[in-house]
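Here the structure comes first, spelled out in structure tokens, and everything after it is commentary.
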Amino acid sequence: MKTEDKRIQALEGVKVLDFGWALAGSLNTKHLADHGAQVIRLETAKRQCMTRTNRQVSISSRTNPDDKPFFLHYNTSKYSLTLDIKHPRAREVLDRLIQWADVVNENFMPGTLTKLGLGYEDIQKIKPDIIMVSTSIFGQTGPYAHMGGVDGMGNAISGRLDLSGWPDRGPVSPSSCAFGDDILPLFTAMAIVAALDYRRKTGKGQYIDGAMLEVCANQIGPAFLDWQANGRIQTRNGNRIHEASPHGVFPCKGDDRWCAISVFTDEEWKAFCGVLGSPPWTKEERFRDLASRRTNEDELELFIAEWTSERDPQEVMRLMQKAGVCAGIVQDARDLMENDPQLKERNFLLNLKHPVLGVCAHPTPPYKLLKTPAQVKTAPCLGEHNDFICTRILGMPDEKFVELLQEGVFQ
Amino acid sequence: MDSLLTGYRALDLTDEKGFMCGKILGAMGVDVIKIEKPGGDSSRNIFPYVNDVQDPEQSLYWLAFNTDKRGITLNLKNKDGKDLFTRLVQRADFVIESFQPGYMEDLGLGYGALSGINPRIIVTSITPFGQSGPYAHFKASNLVTYAMSGVMMTNGDLDRAPVKEAVDVTYYEAGAHAALGTIIAHYHRERTGEGQQVDVSIQESTANRDSINLYVWEFDKRFLQRTGNKSLVGANVPSQWIWPCKDGYIFWAFRGGPVPMGTPGNQALSKWLDEEGAENPFKTVNCSKGLDMASLPRETLDIFESMLGRFFLMHTRQEITERAFQTGMQAWGVSDPAEVMKNPQLDARAFWKKVENSEPNQEILYPGYFFLCSETENFIKRQAPHIGEHNEEIYIGELGLSKDKINVLKKRGII
């Protein structure tokens, strides 16, 4: 899994013990693993991660934990160890893993690990300079810390959900994906790497507490300042913004096909009108400048839609871009997988061979370290590395491994 | 108390596409110096403004996203300006920029040139589509990168155009990815002495959360639909997550699962329904051993959603939130920004912070941090800079230029 490629990776040598699960906990350490850290993901067959039980695609079964593309996408480059952490002899493995690790990651309900005798202070006793990170919806402290929840709660409570959607309808979020679950791990992963650097200089480890609510709130910073400075409560505004008009998504030829267009400056407006062949309406007083276009944006959008609906989105994008106007296809999954020449050229999707699912495309990190690029490897099967981790990484004698195995520790 | 990255310095040349990266590094203790063209960047002209007066010194968007940066002005197109910039690069650890690919190279300030001056330098470039490829020079707004990411296609309602998420969501995602990439490169540099360029694509940053969409197409050649208030995350059928209530909207994820009634949240809600004598859909199906949503006919799910929908409409956000707090129902009223500022949880964690240099008449509170650490303080501290606010501090105090020299440079439009 790690021998054939000889290039140095940025995080080579960093050791991570990973209690993380679901989305946020998995992604946190995926970023580290893709850049060379050795990440041991602890799992148990008794209570499997939602990404190992999810059956969104027809190939996924009820019984096989290894046929879920959900798990594959969120757990690349990791090792898997199944361990029943409630088993009386589990600590014989766990304590040695803690001694081995630089970093411990977890995202259970706050307090869960402490109850199991595996809180930060317990772990610190075994490894004084450990870096431990916990992620949750509300954070580890405060009156709501112990409320559980899913991704959308972070969105709803932070205010950002209330700003997403049409002014005459309720708030919406993408049906296909999360936000907080993906954004929070970026912050906690960077905190881990910076904490490793800090430890190198000071010898000190630390505890990192990441809350989805807080990173989601940071995303809409200007709305909080607007409320305080102007008493304005921002709300949903569809696709419109103050600095550009037109600024929207327009229907194109085909079934549910759209193209986004943004016109900011007078120069861009002239170029935009040129692309449309400067029909008479473009010269009307009510569309003369940004302010008047914003006032009459409903009518403006109808005129533009007439033009765009006769063209496919690729054509609209190309004509606009050629004239120096911001435009882009509202791409669907097939576009990303098969049609987008930009993503293809940059190898955004990487095909990895998995023993159960065969070849499967994976998104690669959108930040490319040009000298030490990520080396993304397929995600592990459940318990795939039990033997390797115990006997090779921890140096456990074979007899001891077999003994623990027979006692049911690795379930 | 130290911050995680105290003692390092970044030069920040970004516009709104890249503000976040420097802001995040700044909160982590990096000394970030924002470099604008003389007169100030056009990215200062973004809504909203203090008292709604359009003024480049008063953009709340600028103020929110440029905390913990000092500010200087510098004309990079001029030879003397470039010389000053290279002197700054000699004493910097990071350069962050969001120009069109090739622009820095044309100025003679590309990664190759900068690494010649300082081999340890890390140059992080944040652009709509990345440094290479056929769309590298395409122009984009947040709306365009969002459209191209694939996520937008599933946001909104089927009877309308796809719609964007709050504020400039793709710039936030790209900024966080950029900061992570920068810090990983930094870790490598501190161990090996080797600097490098980090190439961030805004499109790819948002496309990274489109996993489910991608693999459903890959394996089943099926598109996930734009279902507004319903979600398909982790589910086989769209189930309602956002519900209208008496005074607005609430978030409550209707999900199945392996425990009686599906989830503990469902159990808590069912109990509440019974207490109030409301219609209880959980009693209409056999779910004592769990609730498998995928096996329920759509009509049954519709009955669930209409019964629960009617119940929520009879209660306020506060009633529902309080009930959830007591019972583990995992629901929350959709908060507006003013309500978020009153959230007792954020209050208890001291999330809101004042910044140094606040204008005397504006005691404004900011979101104060991105995460908490036990040994370091990674809070925002400093207000976003005025145009050229720290010119003297940097040019005279650090580079040792004379006051006269500064005046000459000002007259020549270099600073």
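First the proteins, then the strands, lettered A, B, ... as listed; each starts at 1.
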Is there a side-chain contact between [X] and [Y], using heavy atoms and a 4.5 Å cut-off?
X         : Y         : result
Glu218(B) : Pro69(A)  : no
Phe179(A) : Glu173(B) : yes
Val233(B) : Asp181(A) : no
Leu365(B) : Phe224(A) : no
Glu338(A) : Trp217(B) : yes

So what's closer than 4.5 Å to chain A heavy atoms on [X]: side chain, backbone, both or neither?
X         : value
Ala331(B) : backbone
Pro244(B) : neither
Trp243(B) : neither
Asp347(B) : neither
Met148(B) : both
Pro134(B) : both
Thr321(B) : neither
Asn343(B) : side chain
Arg255(B) : side chain
Ala140(B) : backbone
Ser149(B) : backbone
Glu339(B) : neither

Looking at [options], which makes the most heavy-atom pairs under 4.5 Å with chain B?
options                                  : result
Lys204(A), Arg236(A), Glu12(A)           : Glu12(A)
Val57(A), Asn54(A), Ile208(A)            : Val57(A)
Glu345(A), Met337(A), Gln140(A)          : Met337(A)
Asn155(A), Leu213(A), Asp151(A)          : Leu213(A)
Gly36(A), Ala22(A), Gly210(A), Gly139(A) : Gly139(A)
Cys177(A), Pro363(A), Gly221(A)          : Cys177(A)

At a 4.5 Å cut-off on heavy atoms, which part of [X] comes close to chain B: side chain, backbone, both, or neither?
X         : answer
Leu357(A) : both
Gln234(A) : both
Ala327(A) : backbone
Val133(A) : neither

If you count heavy atoms of other groups shown closer than 6.0 angstrom to CH2 of Trp227(A), is the number above 12? no
Which distance, rounded to the nearest 0.5 Å, do you find between the [atom1] of [X] and the [atom2] of [Y]?
X         : Y         : atom1 : atom2 : answer
Gln342(A) : Tyr135(B) : CD    : OH    : 7.5 Å
Asp209(A) : Arg349(B) : CG    : CZ    : 4.0 Å
Asp340(A) : Phe129(B) : CG    : CZ    : 8.0 Å
Gln219(A) : Phe65(B)  : CD    : CZ    : 7.0 Å
Met329(B) : Met147(A) : CE    : CE    : 9.0 Å
His188(B) : Lys371(A) : NE2   : NZ    : 8.0 Å

If the condition is ring pair (Phe, Tyr, Trp, His ring centres under 6.0 Å), which residues does Tyr8(B) pass it with, not counting sequence neighbours? His186(B)
For residues [X] and [Y], report the shortest heavy-atom separation together with the two atoms involved.
X         : Y         : answer
Val193(A) : Ile183(B) : CG1-O, 3.7 Å
Trp241(B) : Gly152(A) : CZ3-N, 4.4 Å
His247(A) : Ser141(B) : NE2-OG, 4.3 Å
Ala194(A) : Leu5(B)   : CB-CD2, 3.9 Å

Checking Thr372(A) against Gln196(B): is there a side-chain donor and acceptor pair closer than 3.5 Å? yes
Looking just at side-chain N and O atoms, do Tyr215(B) and Gln56(A) make a donor-acceptor pair shorter than 3.5 Å? yes
In plain terms, say whether Lys201(A) and Glu190(B) are close enough for a salt bridge, that is, a side-chain N and a carboxylate O under 4.0 Å apart. no
Look at [options] and state which one has the largest set of heavy-atom pairs under 4.5 Å with chain A.
options                         : value
Asp220(B), Val167(B), Leu346(B) : Asp220(B)
Asn213(B), Ile212(B), Ile184(B) : Ile184(B)
Leu224(B), Ile242(B), Thr227(B) : Ile242(B)
Thr6(B), Asp2(B), Val340(B)     : Val340(B)
Gln203(B), Glu204(B), Gln197(B) : Glu204(B)
Phe138(B), Tyr249(B), Tyr187(B) : Phe138(B)

Which label fits Phe47(B) and His242(A): parallel for a plane angle under 30°, tilted from 30 to 60°, or perpendicular past 60°? parallel
